[in-house]
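Here is the naming used below: chain letters follow the sequence lines, and residue numbers restart at 1 for every chain.
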Amino acid sequence: MIRLALEPLVVGRSLRVEEMGPHDMRARGEGRGTGRTKAWIDAAGLLDGARVSRLERRGKRLAMVAADGRVLVVQLGMSGQLMLAPDAAATHRHVTWRVSGQRHPLVFRDPRRFGGVTPYASPEALHEAWDAELGVDALSVTGPQLAAVLRGTRAVKALLLDQRAIAGVGNIYADESLFLAGIDPRTRCAKVGRSRARELADAIRTVLRRAVRTGGSTLRDHRTALGKPGQAQQLHAVYGRSGEPCVRCGALLRSATLAGRTTAWCPGCQRRSGAVQKG
DNA sequence: CAGGTATCCTGTCCGC
DNA sequence: TGCGGACAGGATACCT
């Protein structure tokens with residue numbers, strides 16, 4: 001979504017770092033302080049004077065690849081925004097780039113500072129890192145690919161949140177995908193058979209494509225790269241609806257903490273694979 | 001190995 | 001109106 005929206009606005013254009021926020025952000029392998037660390041200044045300033053040749057995305061990470069080979073990856077975390085729009089909020093801006101030929105700057109802002117930027121010396125270095133840290137991209141995951149990582153005793157919900165297994169699924173869309181596939185989030189990975197793995201892969205692609213098409217889920221702060229609220233939250237069948245009746249079967253939706261995250265599901269529609277369901 | 005928990009931050013909402 | 005606490009879209013370090 002963000003990549004699709006920004007691509008026509010920044011590719012082929014040059015960047016100037018116009019402003020840097022007062023705080024440093026997470027830079028891989030570095031701690032954070034209240035002031036600016038050298039790592040942060042190096043990362044945030046990396047694309048100063050660079051011409052953007054393309055944008056690449058895998059999972060939740062977006063890479064801006066410069067014509068001279070420099071690469072800057074942006075991760076938004078929980079509250080991050082990357083936008084080129086007239087109404088980008090002025091607070092919590094961490095990097096502001098002037099984009100040649102564009103009236104409005106490109107802004108990376110993130111109130112909670114869970115996001116960050118990571119510099120790479122080349123596209124090769126970028127891909128090497130991504131291959132090591134990220135699994136197959138969720139927007140195009142296939143049944144066999146998912147089946148290959150569905151091993152072990154952990155809950156399938158935990159696997160969906162593991163970016164090394166599948167890259168790009170977060171808490172909302174993990175729950176929505178499991179609902180669409182009719183799988184109980186507590187199901188152990190190894191209990192998910194091949195056919196259900198395919199159904200889950202289909203569900204993940206469907207849910208994410210829908211979310212991309214509708215601009216993502218705006219619960220509060222989220223905005224598209226053009227500054228508009230998303231609409232995907234209107235499609236939520238289970239996320240944030242614990243206690244309400246299931247849209248499919250009417251049973252009351254349950255919730256529990258799983259893999260450290262609030263998890264909602266329908267006890268009627270979603271079942272554990274394999275053995276007979278038990279309380 | 002895998003699960004739970006704490007941690008990094010700020011903003012918002014709710015109950016008192 | 002103010003205040004404390006719970007909670008939030010993510011990721012990781014560190015326990016057990």
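Every salt bridge (Lys or Arg N to Asp or Glu O under 4.0 Å) that Glu244(A) has, sequence neighbours left out, goes to Arg241(A).
Contact between the side-chain N/O atoms of Arg261(A) and the OP1/OP2 oxygens of dG9(C) is found at a separation under 4.0 Å. Applying the 4.0 Å criterion to OP1 and OP2 of dG11(B), one finds that His92(A) has a side-chain N or O inside that range. Close to dG9(C), at under 4.0 Å from its OP1 or OP2, lies no side-chain N or O of Lys60(A).
Atom-to-atom, CZ of Arg113(A) to C1' of dA11(C) comes out at 16 Å; the value is rounded to the nearest Å. Summarising the geometry, the separation between CZ on Phe114(A) and P on dT10(B) is reported as 9 Å, rounded to the nearest angstrom. Atom-to-atom, NE2 of His23(A) to C1' of dT10(B) comes out at 10 Å; the value is rounded to the nearest Å. Protein atom CD of Gln231(A) is 19 Å distant from nucleotide atom P of dG9(C), rounded to whole Å. Straight-line distance from the CD atom of Glu133(A) to the C1' atom of dT12(C): 12 Å, rounded to whole Å. Across the protein-nucleic acid pair, Ile2(A) atom CD1 and dG9(C) atom C1' stand 12 Å apart, rounded to whole Å. Look at CZ on Arg164(A): it is 18 Å from P on dG10(C), rounded to the nearest Å. Rounding to whole angstrom units, CG of residue Asp110(A) and C1' of dC8(B) are separated by 11 Å.
Using a 4.0 Å heavy-atom distance criterion, Thr262(A) is classed as a sugar-phosphate-only contact. Among the heavy atoms of the strands lying under 4.0 Å from Tyr239(A) are primed sugar atoms or P, OP1, OP2 only; no base atom is included. If you check every strand for non-hydrogen atoms under 4.0 Å, Asp221(A) touches a base. Ile172(A) comes within 4.0 angstrom of the backbone, heavy atoms only, and of no base.
In this model, a side-chain donor or acceptor of Arg112(A) finds a partner on the base of dC9(B) within 3.5 Å.
The C1' atoms of dT12(C) and dG11(B) are separated by 23 Å, rounded to the nearest whole Å. For dT5(B) and dA6(C), the P atoms lie 15 Å apart once the distance is rounded to whole Å. Comparing dC14(C) with dC9(B), their P atoms sit 16 Å apart, to the nearest whole Å.
Taking a 4.5 Å side-chain heavy-atom cut-off between Ile, Leu, Val, Met, Phe, Trp and Tyr, the cluster of Val238(A) extends to Phe179(A), Val247(A), Leu253(A).
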Please report the C-alpha distance between Asn171(A) and Lys157(A) in whole Å, then the side-chain angles of each, then the deciding distance to 0.1 Å, and finally whether the side-chain contact (heavy atoms from CB on, under 4.5 Å) criterion is met.
CA-CA 9 Å; Asn171(A) 199 36; Lys157(A) 161 87 183 249; 2.7 Å; yes
List the steps, then state whether side-chain hydrogen bond (donor to acceptor under 3.5 Å, both in side chains) holds for His127(A) with Glu56(A).
CA-CA 10 Å; His127(A) 294 142; Glu56(A) 285 187 45; 2.7 Å; yes
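When Watson-Crick and G-U wobble pairs are counted only if both distances are under 3.5 Å, dA8(C) pairs with dT10(B). Pairing of dC1(B), defined by two Watson-Crick or G-U wobble distances under 3.5 Å, is not identified with any nucleotide.
Where Thr91(A) and Thr257(A) meet DNA chain B, the nucleotide closest to each residue was compared, and Thr257(A) sits on the side nearer the 5' end.
Panel note: side chain Gln270(A), backbone Pro185(A); no donor-acceptor pair is recorded below 3.5 Å.
A salt bridge links Asp162(A) with Arg154(A); the closest basic N to acidic carboxylate O contact falls under 4.0 Å.
Leu178(A) has its side chain out of reach of Trp265(A): every pair of non-hydrogen atoms, C-beta onward, lies at least 4.5 Å apart.
Of the residues Arg57(A), Arg58(A), Gln145(A), the one that meets the side-chain hydrogen bond (donor to acceptor under 3.5 Å, both in side chains) test with Asp137(A) is Arg57(A).
Taken residue by residue, residues 148-163 of chain A places heavy atoms nearer than 4.0 Å to DNA chain B at Thr153(A), Arg154(A), Ala155(A).
When the nucleotides dG3(B), dG10(C), dC13(B) are ranked by their closest atom to the side chain of Arg188(A), dG3(B) comes out on top.
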